[in-house]
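Below is one structure, written out as structure tokens; the observations come after it.
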Amino acid sequence: MRLGVVLPTSRPALPDGEGLFGLAELAEELGFDSVWVSDHLLFHWPVLEALTVLGGVVARTERVKVGTAVLLPALRPAFLLAKQVATLDRLSGGRLVLGVGIGGEYPPEWEAAGVPRGRRVRLTEEWVARMRAWLSGAFAAPGVPFDLVSSRAGGPPVWVGGRSEAAARRAGRMGDGWMGIFLTPERYAERLEQAREAARAVGRDPAVLVASIYIWAAPGRDPEEAVKVVSGMYGMDFSPFLRYLLVGDEEKCLERLAEFARAGCEEVALAIADPDPGEGMRMASRLLEGARGL
């Protein structure tokens, strides 16, 4: 099992650029496999734009995979977004993983972007197909060629995010991977099988799907304190979701990760539920060796 960390790009007190990119460098130094950023245009607290942040992360790291967990394509102009993705893929040397999702849980950002929330599924699916076509050398419009700048034909791998059956099946139909969120290991295994069923139904090899999950984590911390941090991020009482957090001592956290590994999970993006993201990242790094043996 491979472990990555999610950078804190939406908080009551945001880190400055040096602090944020320093965390990305720390993740690489500690041995994590990937660095991720979440995406919202507006949220409960000030939020940094995901692709802009990733540009800095790419410049300050060399080894780690970088990705979005997850990007909301429907909120952005399609052609410009494809160009940004292709540029990041080129600048990263092919380290980019594009996690995408339909979002919708925070209506103000859809209103601000002028995009009807009711169209977000269709717009997301259309955008993935169009991006792949554009980055394979197809024309964006009659007489207007897309200059191919991505490191890979077709662009970076696309992991479809979400916890619902619809999201899992969407990943199976059109994704290179699936990134679950807020799931127990038992439900995760169920959703992963649904993704694989959907892949088989459209003639795709289900074995190509990378199985991943986004988990709020605070190894070694008091569970109530971790819940308080996550509650602040989402502007709601997160207590009912405690069962989805990775908390407790190292042994307990590794056992939980082992349960996800047995459910088929290969990659985990850890969102650090610690008031001190750097210290939380160091605590989480103690899980790396054990996770790689799962």
Compile the donor-acceptor pairs under 3.5 Å between side chains in residues 18-27 and protein atoms, sequence neighbours left out, one pair per line.
from, atom 1, to, atom 2, distance (Å)
Glu18, OE2, Arg60, NH2, 2.9
Glu25, OE1, Arg60, NH2, 3.2
Glu25, OE2, Arg60, NE, 2.9

> In terms of side-chain geometry, is the basic nitrogen of Glu255 or Lys252 positioned less than 4.0 Å from the acidic oxygen of its partner?
Replying inline: no
> Is the shortest distance from a Lys or Arg side-chain nitrogen in Arg200 or Glu197 to a carboxylate oxygen in the other one below 4.0 Å?
Replying inline: no
Is a side-chain donor or acceptor of [X] paired with a backbone partner of [Y] at a separation under 3.5 angstrom?
{"X": "Arg191", "Y": "Arg163", "value": "yes"}
{"X": "Glu109", "Y": "His40", "value": "no"}
{"X": "Asp33", "Y": "Gly4", "value": "no"}
{"X": "Tyr188", "Y": "Ser212", "value": "yes"}
{"X": "Ser38", "Y": "Ala69", "value": "yes"}
{"X": "Trp127", "Y": "Ala78", "value": "yes"}
{"X": "Arg95", "Y": "Ser92", "value": "yes"}

Heavy-atom neighbours of [X] [atom1] exceed 12 at 6.0 Å:
{"X": "Arg119", "atom1": "CZ", "value": "no"}
{"X": "Glu62", "atom1": "CD", "value": "no"}
{"X": "Arg63", "atom1": "CZ", "value": "yes"}

> So Phe182 and Phe241, would you call those rings parallel, tilted or perpendicular, with 30° and 60° as cut-offs?
Replying inline: tilted
Counting C-beta onward and ignoring hydrogens, is there a side-chain heavy-atom pair between [X] and [Y] closer than 4.5 Å?
{"X": "His44", "Y": "Tyr106", "answer": "yes"}
{"X": "Leu245", "Y": "Pro223", "answer": "no"}
{"X": "Trp110", "Y": "Leu75", "answer": "yes"}

> Are Leu270 and Met233 in one and the same hydrophobic cluster, where Ile, Leu, Val, Met, Phe, Trp and Tyr link if side-chain heavy atoms are under 4.5 Å apart?
Replying inline: no
>> Here's a test for you: under side chain to side chain contact (heavy atoms under 4.5 Å, CB included), which of Val70, Asp176, Val97 qualifies with Val158?
In response: Asp176
> Can you name the one residue among Leu98, Val100, Asp39 that meets side chain to side chain contact (heavy atoms under 4.5 Å, CB included) with Pro73?
Replying inline: Val100
> Can you tell me how far CG of Leu135 sits from CG of Asp89, rounded to the nearest 0.5 angstrom?
Replying inline: 8.0 Å
>> Test salt bridge (Lys or Arg N to Asp or Glu O under 4.0 Å) on Arg169 and Glu165; report intermediate values, then the result.
In response: CA-CA 6 Å; Arg169 294 193 179 280; Glu165 178 178 347; 2.9 Å; yes
